[in-house]
Amino acid sequence: MTVLITGARGKIGRAVLGRLHAQGLPVRAASAEPAELTVPAGVATVELVLDRPQTFSAALTGVRQVFLYPNPEGIDAFIGTARAAGVEHIVLLSSSSVLTPGAETDPLAAHNLRVERALAASGIPTTFLRADAFASNALGWSHPISHGLPVRLAYPDAHLAPVHPEDIADIAVEALTGTALKGRTLTLTGGQSLTFREQLAVLSEVLDRDVTVETITHAEAEQQMSRFMPARIAGSLLTLWAAACVGPAPIGETTRTLLGTPERSFHQWVTENAAAFTAR
């Protein structure tokens with residue numbers, strides 16, 4: 001009953017793999033660069049490139065469950081190979097962006113939505129984990145904060161309910177090992193709505209130094225963000241944040257509602273990762 005973990009170099013993929021291995025379950029770590037994986041002793045590694053179908057068969061042989069990162073390129077071939085290999089369940093790390101108006105054409109949401117729809121039509125039982133904003137997105141502020149510069153934002157009062165990546169890993173493991181979450185579609189959030197301004201206040205408190213906010217225009221923010229991501233993705237995020245300024249972010253499913261354990265807070269994430277905001 002081997003579980004294949006795609007994206008095993010990613011933080012959530014590594015966390016899911018580590019938890020399953022610690023429970024004594026057979027796992028296989030997949031990556032486009034398997035030689036670069038660091039895995040526990042006894043865990044097999046395999047090449048899997050989600051837009052290269054020729055890598056699918058070897059990766060999926062003997063696999064009964066898959067933890068899958070979304071990539072629409074090659075998804076139909078992946079599903080066909082998974083079905084032929086006898087895969088019985090897939091847990092997809094999707095995004096809550098698929099719930100936004102115009103998701104079919106939105107560059108951020110459409111990527112995930114295409115994979116969701118292909119899996120929903122596949123006949124393979126699938127659990128959809130629609131994760132909201134990750135608490136770790138705050139790492140995007142590490143450079144200005146560590147250098148004593150203001151954080152420049154177009155929408156500092158956009159409301160989000162940031163979810164700790166370890167909470168997502170816990171829920172994914174439950175979906176892979178239990179029955180209560182199997183086949184469900186879940187929108188995952190943290191337990192508290194926080195604006196960007198409030199998140200920066202938490203950083204200021206934990207780091208014990210001033211963190212200032214500078215409000216900039218939408219166009220300025222798009223230009224700034226486009227240095228690190230495709231312009232169409234930057235535009236999609238900014239549109240999302242503009243719409244989120246109207247009130248508290250809705251709280252979806254959390255570890256509290258799904259697992260009976262308290263959610264990890266944004267404050268906890270900052271405390272765990274404070275060193276990332278210190279100049280070196």
Side-chain angles (χ1 to χ4, degrees), residues 3-17 19 30 48-51 65-79 82 87-137 160-178 180-190 229-230 232-233 236-237 239-241 243-244 249-255 257-259 263:
V3 181
L4 178 70
I5 308 297
T6 74
R9 292 177 63 190
K11 185 172 181 60
I12 295 176
R14 291 199 314 270
V16 172
L17 185 148
R19 285 161 167 75
L48 177 65
V49 186
L50 290 171
D51 57 2
Q65 295 196 87
V66 178
F67 178 72
L68 182 65
Y69 280 77
N71 188 333
E73 303 302 326
I75 186 60
D76 292 332
F78 183 86
I79 288 169
V87 169
E88 299 169 354
H89 180 218
I90 294 173
V91 175
L92 176 72
L93 181 60
S94 186
S95 166
S96 63
S97 64
V98 301
L99 300 172
T100 59
E104 291 185 351
T105 56
D106 180 89
L108 188 64
H111 178 94
N112 295 279
L113 190 59
R114 284 174 58 192
V115 177
E116 282 200 13
R117 288 179 172 175
L119 288 169
S122 71
I124 301 175
T126 302
T127 302
F128 299 99
L129 304 183
R130 293 173 170 171
D132 208 61
F134 288 13
S136 52
N137 290 349
L160 303 170
V163 56
H164 197 300
E166 297 290 339
D167 282 4
I168 299 173
D170 284 345
I171 293 166
V173 168
E174 177 60 28
L176 289 163
T177 59
L181 304 185
K182 187 173 181 180
R184 293 177 59 182
T185 298
L186 305 168
T187 301
L188 307 183
T189 71
M229 64 183 72
R232 60 194 183 89
I233 300 297
S236 177
L237 284 169
T239 299
L240 184 68
W241 296 336
I251 305 301
E253 299 285 5
T254 69
T255 55
T257 62
L258 296 174
L259 309 179
E263 310 90 358

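All residue numbers in this chain count up from 1 along the given sequence.
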For a quick check under 3.5 Å, do Ser94 and Glu116 share a side-chain donor-acceptor pair by atom type? yes

My understanding is that only residues two or more places apart in sequence, or in another chain, count here; which of them pass salt bridge (charged side-chain N to carboxylate O under 4.0 Å, His left out) with Glu174? none

Non-neighbouring partners of Pro250 that pass side-chain contact (heavy atoms from CB on, under 4.5 Å), sequence neighbours left out: none

Salt bridge (charged side-chain N to carboxylate O under 4.0 Å, His left out) involving Arg14 - partner list, sequence neighbours excluded: none

Not counting sequence neighbours, which residues clear side-chain contact (heavy atoms from CB on, under 4.5 Å) with Ala249? List them please. His159, Ala161, Ser193

Could you tell me if the side chain of Ile233 sits less than 4.5 Å from the side chain of Pro230, heavy atoms only? yes

Partners passing side-chain contact (heavy atoms from CB on, under 4.5 Å) against Asp76 (at least two apart in sequence or in another chain): Ala118

Taking the side chain as every heavy atom from C-beta outward, state whether Glu253 and Leu181 have any atom pair closer than 4.5 Å. no

Looking at residues at least two apart in the chain, or sitting in another chain, which of them share a salt bridge (charged side-chain N to carboxylate O under 4.0 Å, His left out) with Arg232? none

Short question: side chain of Thr189, backbone of Gly252 - any donor-acceptor pair under 3.5 Å? yes

Met229 side chain near Leu237 side chain, heavy-atom distance below 4.5 Å: yes

Sorted by chain and number, sequence neighbours left out, side chain to side chain donor-acceptor pair (under 3.5 Å) with Ser97 holds for Ser95

Holding to ring pair (Phe, Tyr, Trp, His ring centres under 6.0 Å), I want the full list of residues that pass it with Tyr69, two or more places apart in sequence or in another chain. Phe67

Contact check, side chains of Thr185 and Arg130, non-hydrogen atoms, under 4.5 Å: yes

Side chain to side chain donor-acceptor pair (under 3.5 Å) between Asp132 and Ser96: does it pass, once the steps are laid out? CA-CA 5 Å; Asp132 208 61; Ser96 63; 2.7 Å; yes

Carefully, step by step, assess Ile171 and Leu259 under the rule side chain to side chain contact (heavy atoms under 4.5 Å, CB included). CA-CA 7 Å; Ile171 293 166; Leu259 309 179; 4.0 Å; yes

Just so I know, are the side chains of Val66 and Ile124 near enough to count as touching, which here means a heavy-atom distance under 4.5 Å? no

Before giving the answer on side chain to side chain donor-acceptor pair (under 3.5 Å), spell out for Thr126 and His89 the whole-Å C-alpha distance, their side-chain angles and the decisive distance to 0.1 Å. CA-CA 6 Å; Thr126 302; His89 180 218; over 6 Å; no

Start with the C-alpha gap between Leu68 and Leu93, add the side-chain angles, then the distance that decides, and say whether side chain to side chain contact (heavy atoms under 4.5 Å, CB included) holds. CA-CA 6 Å; Leu68 182 65; Leu93 181 60; over 6 Å; no

Among residues at least two apart in sequence or on other chains, which ones pass side chain to side chain donor-acceptor pair (under 3.5 Å) with Glu104? Arg117

For His164, side chain to side chain donor-acceptor pair (under 3.5 Å) partners two or more places apart: Glu272

Apply side-chain contact (heavy atoms from CB on, under 4.5 Å) to Ala15 and list each qualifying residue two or more places apart in sequence or on a separate chain. Arg19, Glu166, Ala169

Qualifying residues under side chain to side chain donor-acceptor pair (under 3.5 Å), relative to Asp167, sequence neighbours excluded: Arg264

